[in-house]
Amino acid sequence: MGITQKQIDRINELARKSKAEGLTSEEKMEQAALRQEYIAAIRRNLRGQLDRIDVKEKDGTIVNLGEKYDKRNYKKGN
């Protein structure tokens with residue numbers, strides 16, 4: 001599920017309000033939740049792009065970037 005334009009608009013509205021007058025504790029929690037959703041959507045988008053990119057290595061092998069970076073994250077324990 002991607003983030004909607006309405007959610008992006010709300011993130012921006014809360015950011016402007018935060019700079020201008022500050023946020024209530026409820027608004028701060030809403031802002032944090034919206035930002036987490038936005039970051040998750042960006043990561044899913046990037047993962048989808050990496051999964052579609054193949055790179056030819058110097059030795060002639062072809063490596064899928066999604067698989068390459070997925071293995072790297074797995075080794076780190078992520």
Side-chain angles (χ1 to χ4, degrees):
M1 181 176 147
I3 194 157
T4 65
Q5 185 60 46
K6 183 177 179 179
Q7 290 170 310
I8 292 172
D9 292 343
R10 181 65 177 153
I11 290 170
N12 291 331
E13 178 184 335
L14 289 170
R16 284 189 296 275
K17 184 177 180 191
S18 175
K19 290 177 185 176
E21 60 193 75
L23 299 175
T24 65
S25 60
E26 292 84 16
E27 289 171 328
K28 287 179 184 179
M29 289 190 307
E30 178 187 7
Q31 184 182 44
L34 285 169
R35 285 180 174 172
Q36 288 302 316
E37 286 181 49
Y38 181 78
I39 290 168
I42 295 296
R43 286 182 176 152
R44 283 190 304 272
N45 186 344
L46 180 58
R47 169 60 56 199
Q49 290 178 25
L50 286 175
D51 287 345
R52 292 186 302 271
I53 298 174
D54 294 327
V55 175
K56 186 173 183 180
E57 299 287 345
K58 290 180 182 179
D59 65 0
T61 60
I62 296 180
V63 177
N64 178 277
L65 289 182
E67 293 172 5
K68 179 178 179 179
Y69 287 101
D70 189 41
K71 289 179 186 173
R72 185 177 294 166
N73 286 335
Y74 179 73
K75 290 178 185 175
K76 291 181 183 178
N78 292 336

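Fair warning: this is a prediction, and the values are worked out from it, not measured in the lab.
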> Can E13 and R10 be said to form a salt bridge (charged side-chain N to carboxylate O under 4.0 Å, His left out), step by step?
Replying inline: CA-CA 5 Å; E13 178 184 335; R10 181 65 177 153; 2.8 Å; yes
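How far CG of L65 is from CZ of R47: 9.5 Å, rounded to the nearest 0.5 Å. Once rounded to the nearest 0.5 Å, the distance linking CD of E57 with NZ of K68 reads 5.0 Å. How far CG of L34 is from CD1 of I3: 6.5 Å, rounded to the nearest 0.5 Å. Separating the CD atom in E30 from the CD1 atom in I11 is a distance of 9.5 Å, to the nearest 0.5 Å. If you take CD1 on I39 and CZ on R44, they are separated by 11.5 Å, rounding to the nearest 0.5 Å. From D9, atom CG reaches atom CG of L14 across 11.0 Å, with rounding to the nearest 0.5 Å.
For the residue pair T24 and E27, the shortest heavy atom distance occurs at N-OE1, 3.0 Å.
Residues L23 and M29 are members of separate hydrophobic clusters, defined by side-chain heavy-atom contacts under 4.5 angstrom among Ile, Leu, Val, Met, Phe, Trp and Tyr. Linking Ile, Leu, Val, Met, Phe, Trp and Tyr whenever their side-chain heavy atoms come within less than 4.5 Å puts I8 and I42 in one cluster.
Legend: residues meeting side-chain hydrogen bond (donor to acceptor under 3.5 Å, both in side chains) with D54, ordered by chain and number and at least two apart, are N64.
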